[in-house]
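The structure appears right after this line, and notes come after that.
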Amino acid sequence: MVLAMVPVAIVGVLLLFQLITGKIDDLDQSLRTRAVAIARQLAPAAEYGVASGNIGVLQTLLEKAAIEPDIRGVAVFTDSGQRLAQVGLGVWTYPGQGELPVDRIQQIEYEDRLVYYAPVTRTEVGVDDFNATDERAAPQGARTRLLGWVGLDVSRSATIKSQRDAILRSLVILLAGLGVSLYLAWRIGRQITRPILALTHTVSRIGEGHLDERVELSGQAELGMLQRGINHMAAHLQTMQDQMQERIDRATARLVYQASHDALTGLINRREFEQRLERTLLSALQQDREHALCYMDLDQFKVINDSCGHAAGDELLRQLTLLLKGKLRERDTLARLGGDEFALLLENCSIPDALEVADSFRAEVQRFRFKWGDRIFSVGMSVGMVAINRDSGTAAGLLSAADAACYVAKDRGRNQIHVYESRDSELVRHRGEMQWVTRIQRALEEQRLRLSWQEIRRTDGAAESTRHVELLLRMVDDDGSEILPMAFIPAAERYSIMPALDSWVIEETLRLCRQYLATDCVLRYLFAINLSGASLKDPAFRRMLLARLQENPVLGPHLCFEITETAAIGNLAVVNDFIEAMRGFGCSFALDDFGSGLSSFTYLKNLKVDYLKIDGAFVRDIVNNRIDRSMVEAIHRIGHQMGLRTVAEYVESDQILALLRQIGVDYVQGSGIHRPEPLEKLCDQA
């Protein structure tokens, strides 16, 4: 019933809004009409005083007019704008020099007042008696002459107060009406639901085992049938109770087991394991006992699962479970947390003893061979271990620490055991990267990513018709400070967030390119965009970029994609296919950070790029390091032999620039050439 009143309340609010709006309009229109009438009466009445210059007459007239309510002030002006008389506190914009119309009353509206200017005119009639008999002569007619102005300043305060009072009164009436209606609806609803509540209470009592409970037959129609049916059901339940109780006990036991155990392996599940971990942690805190928690993750499980199917993966988990359960002590607890992740709780066990137990588990898994069809697989197990003592935190914190230690074991080469320590530098790095993941995702959601630009110029300083700029990614921190990419890109690459970041950069660059093309700028721009290896391997990212260029093919010649040599060498076939597809739209390519891997010389001839960007690690110290200079010369010479234009990064001083000019490098980039600037400045220049 309360829900049924919602449309009534909405209609009431709408009607109230309509009435209030009408009331406000009426009050405001009434004030305007009265003010116009006063101004219209004052103008002809002031004609004599203005024409004769009789200030006393005008003053008397204005004092009588000012008696009217809501009038703040009245004044009379000459046709040149000079004030002749004034009563009240009116603030005037003095008329004159043809600023106001002479054939009607002018209204000027302010937030708290209305100001009217009514023209004071004299009408003169010319009559020519001598030409009255001449039918061809037309009468001279009447001529109107402007004498001055009557100003009327009307306050809207009373009207605004009336409007506010009307709104408040209407809201009070509406709220009171809604309150009474809700109370009545509640009372009526209680009358309707009372027998239903009694029926619910009886059913609850029967459910608790009180089979002698009966419903009072007080309802009619469907409710009466329901009450009689409940009583009939209760009468038959007594005879069936023994049989049903046995079935319930069996079903309850099965449900309890399913709720606490993993269906595939028969081990306890995460929920049950966390409860046991809580109890173990409590014993460590209260009785000063020492326990150990192991977080175990299978190595190469995904290979078996992907190559042979999920059935093979499930069978592997079942066989390993039987293998591990055979090595458990009486007080040890083994659980499957999900996927290929297991947890081992070793009660009353020190870390040295726990290391021996965990190593025996690891060795047993390493010796195990899994046969599926005609194929045989070997697997490994990475283990993260943490001590449980009186200094431990929460159970969730222990699981997180063990998980982090397992991650470090995998990162060190897999099939190892790593013990958690709070000062472990690798764990600190792992947790720092996890925090960066959250910050990056929040920056994407809150649109706190920005682009800066840095110009790439010719080494010899010659002017070109194309301005080559590289777009650089920045993140805005919570405090508004700017975060450089080397702080968050490693975490983004490790946890597969780079495609999302690169997609954002692509969208912003295309928007900038469309904006630049709309300006008809004579100078051509080439925008360089960095692409990560993860984005190049992502088919969805490549399809997105291809679709954007198909929608706007004119943007292609203004885009240059920079690919690191590491990404290019690791995905040579994919990169070449991508380059071929993008070249169809006129895009150009640069191989970035060239020289960081010596094998890059082997693959360079297979990459169809336009620019070769020499790794800044060689350029930065080229003035003082002969080896770096030789590397730069070699890279530049090979690049030129292949028809590529070379670009030196990290050019920070004039000495480096002069040496690069001597070597013959084509382009330079760095803070010594041009410091990165916000993207808005590039847009302003374009």
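In what follows, residues are counted from 1 in the order of the sequence shown.
- Under a 4.0 Å N-O distance rule, the pair Arg276/Glu347 does not qualify as a salt bridge.
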query = Are Phe342 and Leu320 close enough, and set up right, to give a side chain to side chain contact (heavy atoms under 4.5 Å, CB included), and what steps lead you there?
reply = CA-CA 11 Å; Phe342 295 84; Leu320 284 177; 5.5 Å; no
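- Side-chain contact between His291 and Leu281: absent, with no pair of heavy atoms (C-beta onward) separated by less than 4.5 Å.
- Taking every heavy atom of both residues into account, Cys294 and Leu346 meet most closely at SG-CD1, 4.3 Å.
- Here the closest heavy-atom approach between residue Ile440 and residue Phe488 is recorded as CD1-O, 3.5 Å.
- One N or O on the side chain of Asp502 and one on the backbone of Ser532 form a donor-acceptor pair closer than 3.5 Å.
- Annotation: side chain of Phe301 is in contact with side chain of Leu317 (closest heavy-atom distance under 4.5 Å).
- Of all non-hydrogen atoms in Leu62 and Ala75, the two that sit nearest each other are CD1-CA, 4.0 Å.
- Looking only at side-chain heavy atoms (C-beta outward), Arg548 and Glu507 come within less than 4.5 Å of each other.
- Taking the side chain as every heavy atom from C-beta outward, Arg336 and Leu264 approach each other to under 4.5 Å.
- Using a 4.5 Å heavy-atom threshold, the side chains of Ile71 and Val87 count as separate.
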query = Hey, mind stepping through Ser260 and Gln275 against side chain to side chain contact (heavy atoms under 4.5 Å, CB included) and telling me if it holds?
reply = CA-CA 10 Å; Ser260 60; Gln275 293 179 355; over 6 Å; no
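- When all heavy atoms of Arg329 and Cys349 are compared, the pair lying nearest together is NH2-CB, 3.8 Å.
- Between the side chain of Ser30 and the main chain of Asp26, no donor-acceptor pair closer than 3.5 Å is present.
- Side chain of Arg156 to backbone of Asp28: no donor-acceptor contact under 3.5 angstrom is found.
- At most 12 heavy atoms of other shown residues, nucleotides or ligands fall within 6.0 angstrom of atom CZ in Arg331.
- Taking each heavy atom of Asn389 and Leu285 in turn, the nearest pair found is O-CD2, 4.0 Å.
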request  = May I have the step-by-step check of side chain to side chain contact (heavy atoms under 4.5 Å, CB included) for Tyr116 and Ile38, ending in yes or no?
outcome  = CA-CA 10 Å; Tyr116 293 87; Ile38 294 173; over 6 Å; no
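- When all heavy atoms are compared, the tightest approach of Ala395 to Leu277 is O-CD2, 3.8 Å.
- Counting only distance, with no hydrogens or angles, the side chain of Ser400 and the backbone of Ala396 share no donor-acceptor pair below 3.5 Å.
- Atom SG in Cys406 sits 12.0 Å away from atom CG in Leu399 (nearest 0.5 Å).
- Counting heavy atoms from C-beta on, the side chains of Asp340 and Lys302 never come closer than 4.5 Å.
- Side-chain N/O atoms of Asn305 and His310 include a donor and acceptor closer than 3.5 Å.
- In this structure a side-chain-to-backbone donor-acceptor pair under 3.5 Å is present from Arg448 to Val476.
- A 6.0 Å sphere centred on CD of Gln447 holds no more than 12 heavy atoms belonging to other residues, nucleotides or ligands.
- The number of heavy-atom neighbours closer than 6.0 Å to CZ of Arg442, taken from other residues, nucleotides and ligands shown, is above 12.
- Between Lys161 and Asp165 a salt bridge is recorded (basic side-chain N to carboxylate O distance below 4.0 Å).
- Here the side chains of Arg34 and Val154 are not in contact, with every heavy-atom distance at 4.5 Å or above.
- Under the 3.5 Å distance criterion, the side-chain polar atoms of Ser481 are left unmatched by any main-chain donor or acceptor of Asp477.
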Trace of the side chain to side chain contact (heavy atoms under 4.5 Å, CB included) decision for Tyr295 with Leu337 = CA-CA 9 Å; Tyr295 195 100; Leu337 303 184; 3.5 Å; yes
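- At a threshold of 4.5 Å between non-hydrogen side-chain atoms, the residues Glu482 and Pro678 do not count as touching.
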